[in-house]
Amino acid sequence: MAKAGGVANGRLRLAGIRSLLKIYFGSFRDLVPIVAVIAFFQIVVLQEPFPNLERILIGMVFVVVGLSLFVQGLEIGLFPLGESMAQAFARKGNLAALLGFAFCLGFGTTVAEPALIAVSAKAAEIAGTAGAIADDPETHGTYALQLRLTVALAVGGALVLGVFRILKGWPIHYLIIGGYVLVVILTFFAPAEIVGIAYDSGGVTTSTMTVPLVTALGIGLAGAIRGRSPLLDGFGLIAFASLTPIIFVLVFGMVV
Amino acid sequence: MELLANLAWAALGTLRDIAPIAVILLGFQILVLRRRPDRLLRLCGGFAYVLVGLTLFLVGLEEALFPIGETMALQLTSSLVIGESTGAPDWRDYGWVYAFAAAIGFATTVAEPALIAVSLKAEEISGGSLSAFGLRIAVAVGVSVGVALGTFRIVTGTPLPYYIIAGYIVVIFQTARTVKSIVPLAYDSGGVTTSTVTVPVVTALGLGLASTIPGRSPLIDGFGLIAFASLFPIMSVMGYAMLNDRLKSGKQ
């Protein structure tokens with residue numbers, strides 16, 4: 001008995017090692033294009049040597065190991081947690097709590113997002129030089145903070161709307177296309193300096209940590225509600241989170 | 001030593017990113033759901049993996065690729081490569097810039113962790129009819145075309161809204177014609193692509209271009225590349241689904 005158990009264990013371990021190797025190989029493969037592009041442009045186009053090759057190689061090992069750990073962490077941590085929370089909310093049947101959770105998740109993960117902080121500081125600078133606001137550091141700071149809060153509100157609102165859509169089973173394209181139409185109309189009325197920032201703000205809000213969690217939440221909800229398909233209804237939360245910031249920032253530019 | 005310090009800093013930064021998420025998850029778990037999730041220890045282990053993994057990933061990128069990538073974006077846009085041109089910029093002089101934009105857009109997207117996450121989930125849910133790798137390549141092609149077109153826009157100085165509005169119209173047409181089940185995923189892929197790896201390099205490219213081309217202001221023309229990078233994958237993913245569908249029905 002003990003021996004058979006040992007053999008099975010050994011087999012299990014072997015399968016584990018094989019899947020681990022597969023993950024590491026995948027991470028390595030994902031990195032090949034970046035290395036190839038940078039090497040080609042550095043050597044062939046710019047005709048310059050690589051500074052500090054040793055440091056680059058060490059960095060690459062870090063990237064491969066890091067990416068592999070991240071992928072494993074997704075499967076054992078973020079995905080199961082997002083899905084189990086979605087199921088728990090569905091079982092509880094408390095709509096207000098679920099929508100409150102969606103809002104907090106969107107707002108909380110966005111407001112401190114480094115990419116957003118950088119973009120809103122830049123935006124304040126632009127508004128200052130364009131004469132939309134007073135050109136001093138204090139006004140810039142307030143403007144940047146207001147912009148950040150606007151985007152965070154937009155993402156919170158997006159997740160509330162997106163979760164509500166999953167519950168109701170509305171088809172996503174009417175909402176998204178409606179949003180596009182709104183963006184186009186607002187573009188005509190918003191000040192020209194804000195348009196570029198507004199369009200970009202949709203892309204910068206969804207960070208690497210938020211995306212897997214929000215995706216798992218949507219898919220978990222769609223799976224827990226009878227009559228919803230995970231593929232048709234589960235995806236789409238990120239889409240709302242990248243659309244509403246554009247609308248909110250355009251409006252922000254018109255109001256401030 | 002310097003490497004260790006960088007590691008510590010990056011770990012702190014990732015912790016700070018995770019902190020609000022952890023507070024919200026814990027808060028709702030304890031106050032609202034009031035139920036311990038199954039296999040709590042394993043979940044915590046997963047979080048630790050993500051934390052350590054992202055930290056190593058970011059430090060590695062900072063060490064190895066970002067410095068070169070960013071200098072490269074600036075160098076390629078400077079007059080060294082383009083040649084001493086005076087007066088109005090001619091868009092034909094910037095061939096290497098478009099090539100670099102397309103190549104780096106593709107390459108950074110393939111390595112984007114958030115996209116890996118979504119495509120893994122999509123493959124699992126579709127029961128394998130959508131391949132994770134195929135989806136990622138489709139998204140990367142979209143970003144590649146988008147960023148290249150975005151640099152062309154900065155060089156020519158044409159208004160950003162024209163491009164974006166035209167893109168929306170194409171998306172609306174494709175939505176009407178493509179396989180229904182791909183639509184939500186395609187819309188998602190726009191937001192997913194622009195994260196940790198793509199944003200810094202693409203931003204450097206936009207700022208570099210806008211500050212070296214005569215008549216462009218980095219503050220105003222430097223923006224907009226991310227918008228291109230999030231719009232075009234929507235089209236390429238829907239296109240990929242249509243192609244996939246046609247190939248499958250052809251085989252039967």
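Only heavy atoms go into these numbers, but all of them, side chains included; no hydrogens, no water, no symmetry mates. Letters A, B, ... mirror the listed sequences (proteins, then strands); counts begin at 1.
For the options A:Val32, A:Val211, A:Leu81, A:Val63, heavy-atom pairs under 4.5 Å to chain B are most numerous at A:Val63. Note on B:Ile116, B:Val52, B:Leu58, B:Val183: by heavy-atom pairs under 4.5 Å with chain A, the leading option is B:Ile116. Across B:Leu25, B:Ile104, B:Thr175, B:Leu61, the residue that shares the most heavy-atom pairs under 4.5 angstrom with chain A is B:Leu25. Counting heavy-atom pairs under 4.5 Å between each of A:Ser242, A:Gly196, A:Ala36, A:Gly236 and chain B puts A:Gly236 at the top. Listed options B:Lys121, B:Arg136, B:Glu112, B:Glu63 were ranked by heavy-atom pairs under 4.5 angstrom with chain A; first place goes to B:Lys121.
Using a 4.5 Å cut-off between heavy atoms, B:Ala186 makes no contact with chain A at all. B:Leu51 does not touch chain A: none of its heavy atoms, backbone or side chain, sits under 4.5 Å away. For A:Leu57, no part lies near chain B; criterion is any non-hydrogen pair under 4.5 Å. Neither the backbone nor the side chain of B:Ala48 comes within contact range of chain A; no heavy atom of the residue lies under 4.5 Å from a heavy atom of that chain. Contact annotation for A:Thr208: both backbone and side-chain heavy atoms come within less than 4.5 Å of a heavy atom of chain B. Neither the backbone nor the side chain of B:Val23 comes within contact range of chain A; no heavy atom of the residue lies under 4.5 Å from a heavy atom of that chain. Proximity to chain B (any heavy atom under 4.5 Å) is shown, for A:Ala88, by both the backbone and the side chain. Proximity to chain A (any heavy atom under 4.5 Å) is shown, for B:Phe228, by neither the backbone nor the side chain. Using a 4.5 Å cut-off between heavy atoms, A:Ile197 contacts chain B through both its backbone and its side chain. In this structure, the portion of B:Ile164 lying under 4.5 Å from any heavy atom of chain A is its side chain and not its backbone. Interface remark: B:Leu7 contributes side-chain atoms only to the contact with chain A (heavy atom separation under 4.5 Å). For A:Val71, the part lying near chain B is the side chain, with the backbone staying farther off; criterion is any non-hydrogen pair under 4.5 Å. Neither the backbone nor the side chain of A:Leu53 comes within less than 4.5 Å of any heavy atom in chain B. In this structure, the portion of A:Glu83 lying under 4.5 Å from any heavy atom of chain B is its side chain and not its backbone. With a 4.5 angstrom heavy-atom cutoff, B:Val201 does not touch chain A via any of its atoms. Both the backbone and the side chain of B:Gln29 come within contact range of chain A, with heavy atoms under 4.5 Å apart. Proximity to chain B (any heavy atom under 4.5 Å) is shown, for A:Val111, by neither the backbone nor the side chain.
Using bins of under 30°, 30° to 60° and over 60° for the plane-to-plane angle, the ring pair A:Phe40/B:Trp96 lands in the tilted bin.
Aromatic ring centroids of A:Phe89 and A:Phe101 lie under 6.0 Å apart.
Separating the CD1 atom in A:Ile176 from the CD1 atom in B:Ile234 is a distance of 8.0 Å, to the nearest 0.5 Å. Distance check: B:Ile172 CD1 to B:Arg177 CZ gives 15.5 Å after rounding to the nearest 0.5 Å. One finds the OG1 atom of A:Thr109 at 8.5 Å from the CG atom of A:Leu213 (value rounded to the nearest 0.5 Å). Going from atom CG of B:Asp188 over to atom CD1 of B:Ile182 covers 10.5 Å, rounded to the nearest 0.5 Å.
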- Task: Take B:Val32 and A:Lys92 through the test side-chain contact (heavy atoms from CB on, under 4.5 Å) and record every step on the way to the result.
- Result: CA-CA 9 Å; B:Val32 181; A:Lys92 213 163 166 63; 4.3 Å; yes

- Can you list the steps and then say if A:Ile177 with B:Tyr187 is a side-chain contact (heavy atoms from CB on, under 4.5 Å)? CA-CA 10 Å; A:Ile177 291 173; B:Tyr187 288 167; 4.2 Å; yes

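For the residue pair A:Tyr199/A:Thr187, the side-chain donor-acceptor check at 3.5 Å is satisfied. In summary, the side chains of B:Thr109 and B:Thr193 do not present any donor paired with an acceptor at a separation below 3.5 Å, with no hydrogens or angles considered.
Pairs passing the ring pair (Phe, Tyr, Trp, His ring centres under 6.0 Å) check and including a residue from residues 107-129 of chain A, sequence neighbours excluded, read A:Phe103-A:Phe107.
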